[in-house]
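Remarks on the structure that follows.
Chain identifiers are assigned alphabetically (A, B, ...) following the order of the sequence lines, protein sequences preceding nucleic acid strands; residue numbering begins at 1 within each chain.
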Amino acid sequence: MIVRTRFAPSPTGRPHIGSIWLALFSYIWAKQNNGQFILRIDDTDQERLVAESEQEIKDVLLWFGINYDAYYKQSERLEIYHKHCLDLISSGNAYYCFCSKDRLDSLRAIQQNNHQPTKYDRYCLALADTEISSKLNSGVSKVVRLKIPDDQTTTVMDIVRGEIVFKNNLLDDSVLLKSDGYPTYHLASIVDDHLMEITHVIRAEEWLSSAPKHIILYRAFNWEVPKLAHLPLILGTDRSKLSKRHGAVAALDFRDLGYLKDAFINFLVLLGWNPKNNQEIFSLDQLIKEFSFEKMNKSGAIFDINKLDWFNHYYIQRLSIDELLQESLPFITKAKLPATDLEFVKRILTVIKDRLRKLSEFQSLANFFFALPDYEKELLPWKAMPLPRVKDRLQIILELFANVSEEEFTSQNLERLIKNLISEKSFEVGETCWPLRVALTGVKNSPGPFDVAWVLGKPETLTRIKIAIQKLS
RNA sequence: GGCCUUGUCGUCUAGCCUGGUCUAGGACAUCGCCCCUUCAAGGCGGUAACACGGGUUCGAAUCCCGUCAGGGCCA
């Protein structure tokens, strides 16, 4: 039997980290078994529908390079759910319920007061057939409820958690079909998972408590129960389920912040899965080879952006300059920097690469290459160095650099030149290098002066030194 | 409140099944030092955890019981 997994997000907002994290494992498991991965849009909650949501779900998958073998949308399958719901009613596993919201509310209030479990009291289960058909004909608002069997217990077999036993008398007769004609998650996902031949349902732990109802549904239909894997939740720093109030949780935000997809995937997967050795760096392909549910953790992991940054820095360092350029281009465009000369940009990337943690940092790390900031002349001296001496040093360097040909204007050459100068004249290193660096960058922190000079090229380097000298005059 | 579930450094985790090799290993973060013209990067080193209480055992992070704490779902 071919393994089929599905990613079944509800398009109720921007797809977030926890959701895509689940998708990753579903995909990995399917691919490990040469199986199929299905995208299903679970859009049966019409009230919470967000229009752009579906496209963004696809965009995240696209970013990750995850292809899906089939695509479904639940709102286009309403008839299927209705038909199966009717089947359930005729087999006695489900029933119509016409109870008003008021009655349900007061029922709940009474139960709560008596410290009883709050669940539907099956009032409508006792309705006579004639009564049911007359209510049906009269068009009063109705739902369909699952009839939980009176068995003692229902056992959920979970791949990562083992056997979990639930007492049936504590289970509520959940609504299967809502009054607006849309199915609930319980009905729609069970019908679809069966019809789509899903072999492994990989979903979040929050569904664990409704798992027994799902098993009861499969049995009511006389269908085989797929393998269930309830994965732990991704947590915010306060250990509660990650949500919008924890800040940036939309998966695509991380793309836009300049995280590499490989770094992001690597980081994400290690939240909850671990190879049980010290290896931390994994490509998607390696993950597909090495993943196993036995190595899945049962407890929720806190999303720690520090570690993500570290992974991203690691992956950036391993990119060639050409690859880095390709990845950086969107961010350079967004920063509105006049980066028309790609060779120039590549030089910049060469010298700032090791301090790049996120691609979006290009802007703050590199803007002085494009335009010299207007800095105060007080920034030029090294420590308590007198201004005339600063000017003197820059003058000497200017003459020295002016004599270097354009093709010899490299970082190494310039460094050698300055180091020679320093030892010949017994200058202090700081008093020579710092003013040069400030003259070229105009900022407090930057790459070294020789790297910057090489990036800038001879004419611009000389120009900037002259500007500094002018400031000191 | 009921049901379910989880519990090793601040964080991600290894070890737990198959007790001793654990004075609990790795990584991120943090701190210190080195390098050094700045900031990074890099190198080296440090601080830091078995939730608690019983029990079983010669011996428990590992097995059993209880407690506590966190989380999820329903309300």
Side-chain angles (χ1 to χ4, degrees), chain A residues 104-105 107-109 111-120 153-154 156 158 160-172 174 204-213 230-242 266-281 294-295 297-314 316-317 351-357 361 364-365 379-383 385 393 415 418-419 422 427-441 443-452:
Chain A
L104 261 16
D105 285 346
L107 176 68
R108 191 180 305 129
Q111 289 173 150
Q112 225 154 7
N113 274 334
N114 298 338
H115 299 287
Q116 289 169 323
T118 49
K119 46 183 258 189
Y120 182 60
T153 60
T154 299
V156 175
D158 187 272
V160 306
R161 285 156 205 280
E163 278 189 17
I164 303 159
V165 181
F166 292 83
K167 295 181 190 70
N168 284 13
N169 58 16
L170 263 13
L171 264 25
D172 195 11
S174 298
E205 188 187 352
E206 55 191 323
W207 293 108
L208 194 53
S209 39
S210 43
K213 286 177 197 169
H230 290 92
L231 269 34
L233 259 12
I234 304 248
L235 276 22
T237 42
D238 61 354
R239 302 216 78 99
S240 68
K241 187 165 75 163
L242 198 63
N266 195 155
F267 164 74
L268 241 29
V269 168
L270 255 33
L271 245 38
W273 182 82
N274 186 283
K276 308 303 177 194
N277 58 39
N278 286 338
Q279 186 180 346
E280 298 217 79
I281 302 300
E294 290 77 56
K295 292 176 182 167
N297 272 105
K298 295 179 192 67
S299 54
I302 292 177
F303 183 91
D304 178 18
I305 195 111
N306 274 325
K307 188 125 189 187
L308 207 211
D309 283 348
W310 177 82
F311 271 111
N312 207 46
H313 180 260
Y314 179 93
I316 287 176
Q317 299 322 304
V351 305
I352 67 163
K353 183 179 173 183
D354 62 4
R355 56 189 69 208
L356 212 49
R357 293 177 86 79
E361 290 170 342
S364 59
L365 254 24
L379 194 58
L380 284 164
W382 168 244
K383 292 182 177 169
M385 189 183 181
R393 292 292 140 83
E415 179 163 9
I418 296 290
K419 291 285 154 78
I422 287 170
F427 285 166
E428 249 192 72
V429 178
E431 293 199 345
T432 313
C433 291
W434 172 272
L436 207 215
R437 199 189 56 73
V438 173
L440 298 183
T441 66
V443 295
K444 267 201 183 110
N445 306 328
S446 75
F450 314 113
D451 282 345
V452 176

Please classify the nucleic acid contact of [X] as base, sugar-phosphate, or nothing, using heavy-atom distances under 4.0 Å.
X       : result
K444(A) : base
R357(A) : sugar-phosphate
F450(A) : base
G272(A) : sugar-phosphate
D172(A) : nothing
P435(A) : nothing
T118(A) : sugar-phosphate
H230(A) : nothing
P449(A) : base
F311(A) : nothing

> For the residue pair W434(A) and W382(A), does the interplanar ring angle fall in the parallel (under 30°), tilted (30 to 60°) or perpendicular (over 60°) class?
Replying inline: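 Rings of W434(A) and W382(A): tilted, 30 to 60°.
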
Candidate nucleotides [options], ranked by approach to the side chain of [X] - the nearest:
X       : options                   : result
W382(A) : rG72(B), rU37(B), rG2(B)  : rU37(B)
R355(A) : rG72(B), rA29(B), rC39(B) : rC39(B)
R437(A) : rU5(B), rU38(B), rA41(B)  : rU38(B)
L233(A) : rU5(B), rC3(B), rG71(B)   : rG71(B)
L271(A) : rC12(B), rG71(B), rA41(B) : rC12(B)
R161(A) : rU37(B), rU5(B), rU38(B)  : rU5(B)
N445(A) : rU38(B), rG25(B), rC4(B)  : rU38(B)
N297(A) : rU5(B), rU38(B), rU13(B)  : rU13(B)
S240(A) : rU5(B), rG42(B), rG72(B)  : rG72(B)
K307(A) : rG71(B), rA27(B), rU5(B)  : rA27(B)

> Would you say rU6(B) has OP1 or OP2 under 4.0 Å from some side-chain N or O of R239(A)?
Replying inline: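 False: R239(A) side-chain N/O out of range (4.0 Å or more) of rU6(B) OP1/OP2.
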
> OP1 or OP2 of rC73(B) sitting under 4.0 Å from any side-chain N/O of K241(A)?
Replying inline: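 Checking K241(A) against rC73(B): at least one side-chain N or O falls below 4.0 Å of OP1 or OP2.
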
>> Can you work out whether L170(A) or V443(A) has the more 5'-proximal nearest nucleotide on RNA chain B?
In response: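 Nearest-nucleotide comparison on RNA chain B picks L170(A).
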
> Starting at the 5' end of RNA chain B and moving along, which residue's nearest nucleotide shows up first, K167(A) or S209(A)?
Replying inline: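 First, find each residue's nearest nucleotide; the 5'-ward one identifies K167(A).
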
May I ask you to decide if [Y]'s main-chain N or O and [X]'s side chain share a donor-acceptor pair within less than 3.5 Å?
X       : Y       : answer
W273(A) : N297(A) : no
D172(A) : S174(A) : no
E431(A) : M385(A) : no

Spacing between [X] atom [atom1] and [N] atom [atom2], to the nearest angstrom:
X       : N       : atom1 : atom2 : answer
K419(A) : rU37(B) : NZ    : P     : 6 Å
I352(A) : rA40(B) : CD1   : P     : 16 Å
L242(A) : rU11(B) : CG    : P     : 16 Å
W310(A) : rU30(B) : CH2   : P     : 14 Å
W207(A) : rC4(B)  : CH2   : P     : 20 Å
D238(A) : rG10(B) : CG    : P     : 17 Å
I234(A) : rU11(B) : CD1   : C1'   : 13 Å
N277(A) : rU13(B) : CG    : P     : 15 Å

Determine the interatomic distance between [atom1] on [N] and the same-named atom on [M]; round to the nearest Å.
N       : M       : atom1 : value
rG10(B) : rU56(B) : P     : 32 Å
rC65(B) : rU5(B)  : P     : 14 Å
rG15(B) : rC22(B) : P     : 15 Å
rC31(B) : rC68(B) : C1'   : 33 Å
rA51(B) : rG42(B) : P     : 33 Å
rG26(B) : rG66(B) : P     : 36 Å
rA61(B) : rG53(B) : C1'   : 16 Å
rC12(B) : rC74(B) : C1'   : 31 Å

What are the two closest non-hydrogen atoms of [X] and [Y], and how far apart are they?
X       : Y       : value
I352(A) : P447(A) : CG2-CG, 4.1 Å
K119(A) : N169(A) : NZ-O, 2.6 Å
R239(A) : L235(A) : O-CG, 3.3 Å

> Are E205(A) and R161(A) ion-paired here, with the side-chain N under 4.0 Å from a carboxylate O?
Replying inline: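 Yes, this pair counts.
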
>> Using a strict threshold of under 4.0 Å (side-chain N to carboxylate O), is an ion pair present between E361(A) and R357(A)?
In response: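 No.
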
Any-strand Watson-Crick or G-U partner of [N], both distances under 3.5 Å:
N       : result
rU18(B) : none
rC36(B) : none
rG10(B) : rC28(B)
rU67(B) : rA51(B)
rC3(B)  : rG72(B)

